[in-house]
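These numbers come from a predicted model, not from an experiment. Computation of the quantities below employed the complete heavy-atom set of this structure, encompassing side-chain atoms and omitting hydrogens, waters and symmetry-equivalent molecules.
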Protein chains: 2
Amino acid sequence: MPSDKNIELTIRDGHESAPPKAAKKILDVAYDLFYRRGIRAIGVDEIVKRAGVTKPSLYRSFPSKDELAASYLRQYDLEYWERFDEAVAAYPGDPRAQIKAFLTRIGKRTQVADYRGCGMTNAAVEYPDHSHPARVVSEANKQELRHRLRAMAAAMGAQDPDTLGDGLLLLIEGAYISGQLFGLGGPAQSVARNADLLIEASLKK
Amino acid sequence: MPSDKNIELTIRDGHESAPPKAAKKILDVAYDLFYRRGIRAIGVDEIVKRAGVTKPSLYRSFPSKDELAASYLRQYDLEYWERFDEAVAAYPGDPRAQIKAFLTRIGKRTQVADYRGCGMTNAAVEYPDHSHPARVVSEANKQELRHRLRAMAAAMGAQDPDTLGDGLLLLIEGAYISGQLFGLGGPAQSVARNADLLIEASLKK
DNA sequence: TGACAATGTTACCGATCGGTACGATACATG
DNA sequence: CATGTATCGTACCGATCGGTAACATTGTCA
C-alpha cells in the first residue's frame, strides 16, 4: 500500500535530481515483499524479478539491500504518521478520542487473515543489531510514538502520564504482534476497549 | 540459559532411547544463537562450529534446520511454563498476585541491555508461514498463554474475563517487543503497574 | 574381544546469497 | 544529426546457504 507521494524523499536521501522510474517500482515491490514475508526472507533477485527490472538497476538506486530495507521503512514511517494524524485530526483537542480512534483502527486492521503486524516492529525483531540501517529507522519511529503517546496521556490529564503513555504503547505493540500470531478472533480485537479501560483507571479522579 | 532437564523430550520426539551427547550440545548452542540473533540469521555451519561438532552430527540428531528450530522452541516452551508456574505457585489461590508476580518478573527481565524479548514471539515474526515447524510450536505456546490468562481473569472475578485476559496478553506481548526495541528505561518496565491498573478497572464493582 | 552405536573426517552438492564489470540502448540537448 | 548521459540487460563473481555421501574413529558394554 505504498503511496505515490514523497517517494523521492526515501530514495538516496533526495539529494540527487529526478529519481529514476525504476527506483519507484523497486521500492513498491520491496515494500510489499518485505512487509508480507520479512526482509531476511526476501532476496534481491526476487525483488528485481517481480519489479520487472534488473539487478544493476536496483544497485544504481540503492547502495545495498540493507539500505533498500531502510528506504522501505522510511516509506512505512511516512504512511504510519499519516494514519496517526488522521485519527488526531478527527477529534481536535480530544486526545482520549484520538487514541480511541487510532486503536480502533489498529484493532480492525488486525482482524484479517495473514495480518502481518507493524513493519517497524517486525524489522527490529529481524535485526537485533542496533546499528543496522533498517533498525535505526525502526527505533526512531518507536521513540517518536512513545513521545506522542506520553504527551497525549498528559494532555488527557493522567495521574502519571508517562506510565499511561507507556501502557498504551504496550497495548499497541501487543496488538501488532498478537494480530499476526492469532489471526481472526485474536486478542488484538480488544485493544481499543482495553486501552479505554486503562485510560479511565489512570485519570486524575 | 537452557536447562539440562527434559532435553530428551525435545529431541526426536523422545521416542528413541538415550539421546546422543552431541545432540544436547547442538541444541544448547542453537538455543543461545537462535534466541540472541534470530533463527534466519544463524546458519548451521556456525552452530556446528560453536558446538564443536560436525555437520553430519547435527543432521543425525535433527532432520533439518527447521526442525532444530522447532526443538529449540520446544525447549523454550518448557522453561517458559516453569517460570510461569513459579509465579503461580508463589501465590496459591490468588490469580491477581500471580499475574503481578509474573509481570514483575517480565518487567525486570526486559531492563537489561540487548534484551531479546520472547523467543516464541520472535520466531513467529521471522516465519509468517503458519505451516513452518517453528511457528507451529510458537502458536501453540501463545494459545496456551491466552487460555491461562483468560482463566485467571475469570478466577479473579473480572466483569468480562475474556477481554481482561486478552488485555493482559497484549500488555505482555507489548513488553516483550518494546523491551527489545527500547532497551533500558523503556516502556516495558511499567508492564506490571499498567496490568494492575487494568485489572482494577476490570473487576466487578 | 567382538559388536554396535555414536561421532568424527573430508569432500562435495546444487541453489541462492548480495553485489558488480561491462557493453548495449534509449533519450535529451546542442 | 551528433554527442553525451543515464538507464538498460547479460553475464558473472566469491561466499554462503541447507544438506549429504562415504568412510574412519571412538567409546561402551556384553
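- Atom CD of E46(A) and atom C1' of dC17(D) are 16 Å apart (whole Å).
- Regarding L58(A), its CG atom lies at a distance of 10 Å from the C1' atom of dG19(C), rounded to whole Å.
- Of all non-hydrogen atoms in A123(A) and I39(A), the two that sit nearest each other are CB-CD1, 4.0 Å.
- Using a 4.0 Å heavy-atom cutoff across all strands shown, I47(B) reaches no nucleic acid atom at all.
- Ring geometry for Y35(B) against Y31(B) counts as tilted: the plane angle lies between 30° and 60°, on a 0 to 90° scale.
- Atom CG in D45(A) sits roughly 11 Å away from atom C1' in dA15(C) (whole-Å rounding).
- Distances from the side chain of P56(B) to the nucleotides dT10(C), dG19(C), dT20(C) place dT10(C) closest.
- The separation between K55(A) atom NZ and dA21(C) atom P is 13 Å, rounded to whole Å.
- We find that CD1 of I42(A) is positioned 9 Å from P of dC17(C), with the value rounded to whole Å.
- Nucleic acid contact class of T54(B) (heavy atoms, under 4.0 Å, all strands): base.
- The aromatic rings of H132(A) and Y127(A) lie parallel to each other, with less than 30° between the two planes, well short of the 60° mark.
- Residue S57(A) places at least one side-chain N or O under 4.0 Å from the OP1 or OP2 atom of dC8(D).
- Across the protein-nucleic acid pair, L68(A) atom CG and dG19(C) atom C1' stand 13 Å apart, rounded to whole Å.
- Counting non-hydrogen atoms of other residues, nucleotides and ligands closer than 6.0 Å to CZ of R150(B) gives a total above 12.
- The shortest distance between the side-chain N/O atoms of Y59(A) and the OP1/OP2 oxygens of dT20(C) is not below 4.0 Å.
- Protein atom NZ of K25(B) is 16 Å distant from nucleotide atom P of dA6(C), rounded to whole Å.
- Separating the CZ atom of R60(A) from the P atom of dT25(C) is a distance of 15 Å, rounded to the nearest angstrom.
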